[in-house]
**Student:** 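The structure follows.
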Amino acid sequence: MRTSLTKALGLILLCGITAVLLSSCTSGNNANGKVQVEFFQNKPEAKGTFDELIKTFNAEHSDIQVTQVNPPDAETVLKTRVVKNDVPDIMAMGATDTYSILAQSDIFADLTDSPLLKTIDPNYIKMLKDVTGMDEVTGVPYATNANGIMYNKTLFKEMGLDVPKTWDELIATAKKIKDAGKIPFYFTYKDDWQTNLPFNALGPNLVGIDFYLERRENKVTFKEKYREVAEKQLELMNYGHGDNFGKAYSDGNRAFANGEAYMYIQGTWAISEIRKANPNVDIGFFPFPTRNDPSQIKLVNGIDSLFTIAADTPNKEQAEQFIAFLLEPENIGKYIEEQTLFSAVEGVKQDDPAVQELTPYIEQGKVIDFADHYIPAAVQLNSIVQSFLQNKNIDNYLDTLDKEWDKVANRR
């Protein structure tokens, strides 16, 4: 937290210099007659879009100057700044374990009754409450992403393949592609974070997000509930390529873009990278068919960016003005178009043809959050999953998840 005494002393000294300056000291953070608002955000790929939006906002508000801060390894930097009582006015981040920890530490302002939430889809507000375990809402959901299965429409058409709607259809489709001497899935498991993409789809759909709320209270274990998830993670590995653990995310984007595989278990965030490699690739995207009843399948769709306000900022009013500006349909529309994301603001749609098969799930509220948003970062999920997919020992895998979770829980 910032030291209120230091701020108070600074204000007294500044305002005591001359009576003329008195009127400019009311905000405690004025420069050249403008309130300085720091906007700290964690997505380097979004910096250019936010720069443009900030430029427009600053031009329209002669009394406010918003400045963007976007350092490498932003979450680590933010946690360090929090420890040093140097909390930015506005923070943008994903609805991850970092957000949850900071929210529970009273770093963020309580926005439960804020008008900023009036246009937000209630599904995403509930996600924030579930992630933090709090009744208070301390973030404003902004943009969301999705995890599913990309497919090459051209290749599917050439082989006469239909988009699979069930787990059995997915495996049958993969087998048909493999039998034809082609690559069904392009796995990029050299990067350990890529290994949890199937986990993020299978877990929430087969077991449910409530599992994680109960796991926090030691009512359930991975060993009891996650065997089917583990079995299906392994079954998918039968339909990769010859070097599943030797290819990285960037390799997969190029390979899929160039038609080397029919399907790619991935997030919507990869679309722009794939198009850089091949602007003409015809991408389709369907929800991961994790079970055999299509009506029970939900799209894994979580909060990619949310906005928080420092609990003790003297510039809360100005921070709220800036967030309200970003939430305006035209502005969030620009953001989701350039970042190939979905809007948390109701009524603002993503028109990119690559994700149109996902849109009905979002519009109907058939969505469920990413599993890893609920797993403490210290559990090291990525490396655990990567090791499991290599050694194929289900019992050891589930035991490790439980043991690592319990270690972290005992430290908190």
**Student:** Look at the aromatic rings of Y99 and F108 and report parallel, tilted or perpendicular, splitting at 30° and 60°.
**Tutor:** parallel
**Student:** Can you name the residues that form a salt bridge (Lys or Arg N to Asp or Glu O under 4.0 Å) with E231, not counting sequence neighbours?
**Tutor:** none
**Student:** Name all residues meeting the side chain to side chain donor-acceptor pair (under 3.5 Å) criterion together with K79; count only those two or more places apart in sequence or in a different chain, and write none if there are none.
**Tutor:**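 With sequence neighbours excluded, K79 shows a side chain to side chain donor-acceptor pair (under 3.5 Å) to no residue whatsoever.
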**Student:** So does K232 pair up with E228, basic N to acidic O under 4.0 Å?
**Tutor:** yes
**Student:** Is it the case that the side chain of H61 and the backbone of D63 share a donor-acceptor pair, with hydrogens and angles ignored and the cut-off at 3.5 Å?
**Tutor:** no
**Student:** Report, one line per pair, each donor and acceptor closer than 3.5 Å where one atom sits in a side chain of residues 176-184; sequence neighbours left out.
**Tutor:**
{"from": "K178", "atom 1": "NZ", "to": "N238", "atom 2": "O", "distance (Å)": "2.9"}
{"from": "D179", "atom 1": "OD2", "to": "K175", "atom 2": "NZ", "distance (Å)": "3.0"}

**Student:** Is the backbone N or O of K298 less than 3.5 Å from a side-chain atom of N205, with the two atoms forming a donor-acceptor pair by type?
**Tutor:** yes
**Student:** Just to verify, what does D304 make a salt bridge (Lys or Arg N to Asp or Glu O under 4.0 Å) with, not counting sequence neighbours?
**Tutor:** K43
**Student:** With sequence neighbours excluded, tell me which residues meet salt bridge (Lys or Arg N to Asp or Glu O under 4.0 Å) with K165.
**Tutor:**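 Partners of K165 by the salt bridge (Lys or Arg N to Asp or Glu O under 4.0 Å) criterion come out as none, since no residue qualifies.
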**Student:** By side chain to side chain donor-acceptor pair (under 3.5 Å), which residues pair with T308, not counting sequence neighbours?
**Tutor:**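 By the side chain to side chain donor-acceptor pair (under 3.5 Å) rule, T308 matches no residue at all.
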**Student:** Please table the atom pairs, donor to acceptor, closer than 3.5 Å between any side-chain atom in residues 186-193 and protein atoms at least two apart or in another chain.
**Tutor:**
{"from": "T188", "atom 1": "OG1", "to": "Q194", "atom 2": "OE1", "distance (Å)": "2.6"}
{"from": "D191", "atom 1": "OD2", "to": "Y249", "atom 2": "N", "distance (Å)": "2.8"}

**Student:** How would you list, by chain and number, every residue that makes a ring pair (Phe, Tyr, Trp, His ring centres under 6.0 Å) with F325, sequence neighbours excluded?
**Tutor:** F57
**Student:** State which residues pass side chain to side chain donor-acceptor pair (under 3.5 Å) with N218; sequence neighbours excluded, sorted by chain then number.
**Tutor:**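 Counting only residues at least two positions away or on another chain, N218 forms a side chain to side chain donor-acceptor pair (under 3.5 Å) with R215.
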**Student:** What pairs of residues pass the ring pair (Phe, Tyr, Trp, His ring centres under 6.0 Å) test when at least one of them lies in residues 341-366, not counting sequence neighbours?
**Tutor:** none
**Student:** Check whether any side-chain heavy atom of W405 sits under 4.5 Å from a side-chain heavy atom of T221, and report yes or no.
**Tutor:**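 No. Closest side-chain heavy atoms not under 4.5 Å.
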**Student:** Verify, without hydrogens or angle tests, whether Q233 (side chain) and L389 (backbone) share a donor-acceptor contact under 3.5 angstrom.
**Tutor:**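 Flag not set: sc Q233 to bb L389 has no pair under 3.5 Å.
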**Student:** Please report the shortest heavy-atom distance between E169 and V163, naming the atom on each side.
**Tutor:**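 Closest pair (atom of E169, atom of V163, distance): OE1-O, 4.4 Å.
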**Student:** The criterion is side chain to side chain donor-acceptor pair (under 3.5 Å); which residues satisfy it with K47, sequence neighbours excluded?
**Tutor:** D51
**Student:** Mind checking what makes salt bridge (Lys or Arg N to Asp or Glu O under 4.0 Å) contact with D121, not counting sequence neighbours?
**Tutor:**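 By the salt bridge (Lys or Arg N to Asp or Glu O under 4.0 Å) rule, D121 matches no residue at all.
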